[in-house]
Number of protein chains: 2
Amino acid sequence: MPPTCPHNTEINCRDCRMNALCLPIALELDEVDKLNDIIRRGRPLHRDDHVYDMADEFRAVYAVRSGCIKTYSTDNEGTEQVTGFYLPGEIFGMDGIATASHISAAVALETSAICEIPFSQLEDLGIRMPSLQRYFLKLMSKEIANDQHLITLLSKNSAQERIGTLILSISARNAQRNLSRTRFRLPMSRADIGNYLGLTVETVSRVFSRFQKLDILRVDKKEIEIIDLTRLQHEAGI
Amino acid sequence: MPPTCPHNTEINCRDCRMNALCLPIALELDEVDKLNDIIRRGRPLHRDDHVYDMADEFRAVYAVRSGCIKTYSTDNEGTEQVTGFYLPGEIFGMDGIATASHISAAVALETSAICEIPFSQLEDLGIRMPSLQRYFLKLMSKEIANDQHLITLLSKNSAQERIGTLILSISARNAQRNLSRTRFRLPMSRADIGNYLGLTVETVSRVFSRFQKLDILRVDKKEIEIIDLTRLQHEAGI
DNA sequence: CGACGCGTTGAATGTTGTCAAACCGAGTGG
DNA sequence: CCACTCGGTTTGACAACATTCAACGCGTCG
């Protein structure tokens with residue numbers, strides 16, 4: 001395996017191809033090495049492997065190196081609420097800080113590699129490296145901002161707008177990683193999309209069909225091609 | 001004015017009647033004094049006075065000492081999304097950390113007193129007082145948890161359940177401040193409630209009427225009395 | 001007094017959910 | 001090799017809940 005292969009356990013932050021998106025972006029090179037020293041990289045996760053479960057003790061936050069992680073919570077009646085999809089370069093697991101135990105679960109949607117960042121060590125490092133501390137606060141604040149965008153989406157927008165917005169979000173995040181903005185594979189099922197956006201599977205399916213009929217998207221199972229980006233933005237209300 | 005009057009500008013954290021809910025809860029007495037030194041208390045805000053506007057430079061976070069603060073964001077078409085209601089003892093304004101400018105606005109719903117906590121000084125203090133740093137991270141994490149509860153509410157619950165849950169939330173937060181759990185005044189308008197919960201004013205009004213007809217609530221404009229708490233919890237899906 | 005903001009109520013409309021059926025591809029076992 | 005199941009997806013018909021549009025009541029303030 002070349003050193004930059006995302007599934008490689010031996011990789012370090014300095015060489016990781018995500019270091020322009022991930023925590024290292026805030027750090028000087030020597031600081032990156034200190035961060036690298038506390039990070040634990042396990043073997044790749046397979047589909048349906050859990051990173052943590054609801055109510056698990058909170059010990060670490062995580063960075064996605066490859067694949068896709070879904071976070072969700074379950075209420076007392078057992079119904080799931082998907083709270084986020086995390087792509088390479090993104091950090092998840094910050095929900096547990098307040099209560100010392102996770103209020104959501106995290107599961108791999110496909111074969112994924114993640115970096116585990118033990119929180120107590122990250123806190124210690126933050127005290128010695130204010131830029132890291134500040135960047136971590138920024139990350140949490142960004143998480144709040146994301147959640148509030150989702151709240152607005154759920155509160156104000158139609159099924160079509162919600163789904164259009166999600167596709168555009170994934171497209172933009174792919175572009176950040178120098179992947180195609182217009183052709184990609186959705187890592188999540190229709191059920192996950194519907195759950196995340198407060199819609200039924202049937203509605204999700206119908207909206208995909210409508211977008212296809214309107215020549216805005218070409219949809220083949222999970223493969224998506226955005227044919228008319230402008231019109232998709234318009235239908236998404238952007 | 002007695003020293004504990006919530007509108008008193010001269011009050012300090014040590015004597016503030018909210019110190020069992022607010023940031024001081026994490027601190028030793030001498031640390032509270034250090035925190036107190038950086039806090040700025042302006043004159044009380046009146047209804048519709050803004051604490052900050054969208055896109056204002058992020059300089060501070062804020063604690064509510066009395067009254068009620070509403071946060072909201074506005075999209076490019078000018079439609080508002082209410083993102084939160086903050087009661088005494090609660091902290092708001094953390095949305096701006098990521099972007100250095102606020103992504104929402106904060107406005108007083110009634111005469112309110114707030115404490116301004118300059119963020120750069122809070123950061124400095126946090127480096128010297130790890131317990132403060134940790135508690136602030138907890139606060140942000142709690143904000144994330146709140147947002148995710150709202151996401152679930154919007155995504156999965158009916159109008160009746162959403163409104164019931166909001167009333168129960170305000171009731172519980174009142175109880176924390178040793179106010180009545182069953183009789184209180186809603187500080188926000190029907191429009192704000194609807195906006196927050198993704199419903200129209202008419203729907204909010206209808207649900208209040210239904211709860212009243214079912215002898216679960218007694219509603220008189222903004223005055224609320226919870227007559228049957230158990231049944232309200234049931235209707236709210238709890 | 002009249003205008004206005006806010007809240008309530010009614011009737012009609014519509015988007016989305018529910019229920020049911022069928023499809024499709026992948027994997028399994030006879 | 002084929003029939004089979006199974007999960008995920010699609011489509012249709014119908015029902016339900018919330019929205020929309022409209023009217024009205026009530027209190028406040030100029």
Side-chain angles (χ1 to χ4, degrees), chain A residues 46-48 68 70 79-82 85 107 109-111 153-167 185-214 217-224 235-237, chain B residues 46-48 68 70 79-82 107 109-110 152-167 185-214 217-225 235-237:
Chain A
H46 299 110
R47 193 175 200 287
D48 295 332
C68 179
K70 166 182 98 172
T79 44
E80 244 180 67
Q81 171 67 44
V82 175
F85 301 110
V107 63
L109 291 181
E110 56 191 35
T111 303
L153 197 64
L154 293 174
S155 180
K156 299 271 180 300
N157 294 101
S158 66
Q160 185 161 298
E161 290 164 336
R162 292 181 211 182
I163 292 170
T165 303
L166 176 62
I167 294 173
R185 183 182 155 80
L186 294 175
M188 70 292 285
S189 70
R190 302 286 191 267
D192 284 333
I193 294 176
N195 190 308
Y196 178 64
L197 296 176
L199 302 168
T200 58
V201 213
E202 293 93 329
T203 302
V204 175
S205 183
R206 277 186 251 271
V207 170
F208 274 121
S209 301
R210 197 181 315 150
F211 278 150
Q212 179 146 243
K213 189 157 292 175
L214 294 171
L217 291 184
R218 203 182 51 71
V219 182
D220 178 22
K221 304 221 68 178
K222 299 192 168 179
E223 296 292 335
I224 298 286
E235 298 288 340
Chain B
H46 298 109
R47 192 174 200 287
D48 295 332
C68 180
K70 167 184 98 172
T79 44
E80 244 181 67
Q81 171 66 44
V82 175
V107 63
L109 292 181
E110 56 190 35
T152 305
L153 197 64
L154 293 173
S155 179
K156 299 274 182 297
N157 295 98
S158 66
Q160 186 161 295
E161 291 164 335
R162 292 182 212 183
I163 292 170
T165 302
L166 176 61
I167 293 173
R185 184 184 154 80
L186 294 175
M188 69 293 282
S189 69
R190 301 286 191 270
D192 284 333
I193 294 176
N195 189 307
Y196 179 64
L197 296 175
L199 302 168
T200 58
V201 216
E202 293 93 327
T203 302
V204 175
S205 184
R206 278 186 249 272
V207 171
F208 273 122
S209 301
R210 197 180 317 149
F211 278 150
Q212 179 145 243
K213 189 157 291 175
L214 293 171
L217 291 185
R218 202 182 53 69
V219 183
D220 178 22
K221 304 218 66 175
K222 299 193 169 179
E223 295 293 335
I224 298 285
E225 181 179 1
E235 298 289 340

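This is a predicted model, so every value here is computed, not measured. Order of the sequence lines sets the chain letters (A, B, ...), proteins ahead of strands, with each chain counted from 1. Every heavy atom of this structure was used, including side-chain atoms; hydrogens, water molecules and symmetry mates were not.
Using a 4.0 Å heavy-atom distance criterion, B/Gly198 is classed as a sugar-phosphate-only contact. The residue B/Ser205 sits close to a base: some heavy atom pair falls under 4.0 Å.
Remark: C1' of D/dA16 and CZ of B/Arg210 are 12 Å apart, rounded to the nearest angstrom. Going from atom CD1 of B/Ile193 over to atom C1' of D/dA18 covers 17 Å, rounded to whole Å.
Not a single donor-acceptor pair, N or O on each side, falls under 3.5 Å between the base of D/dG7 and the side chain of A/Arg190. No hydrogens or angles were tested; on distance alone, a donor-acceptor pair under 3.5 Å links the side chain of B/Arg206 to the base of D/dT20.
The side chain of B/Thr200 contributes an N or O atom lying less than 4.0 Å from OP1 or OP2 of D/dT19. Within the 4.0 Å cut-off from OP1 or OP2 of D/dT11, at least one side-chain nitrogen or oxygen of A/Ser209 is found. Phosphate proximity of D/dA18 to B/Thr203: absent, as no side-chain N or O sits under 4.0 Å from OP1 or OP2. Distances shorter than 4.0 Å separate none of the side-chain N or O atoms of A/Ser158 from OP1 or OP2 on C/dT15.
A heavy-atom distance below 4.5 Å is not found between the side chains of B/Leu186 and B/Lys221. B/Met188 is not listed as a side-chain neighbour of B/Tyr196, based on a closest heavy-atom distance of 4.5 Å or more.
Relative to the side chain of A/Glu202, the nucleotides C/dT16, C/dT8, D/dG12 differ in distance, and D/dG12 lies closest.
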Start with the C-alpha distance between B/Glu80 and B/Lys70, add both sets of side-chain angles, then the distance that settles salt bridge (charged side-chain N to carboxylate O under 4.0 Å, His left out), and finish with yes or no.
CA-CA 12 Å; B/Glu80 244 181 67; B/Lys70 167 184 98 172; 3.5 Å; yes
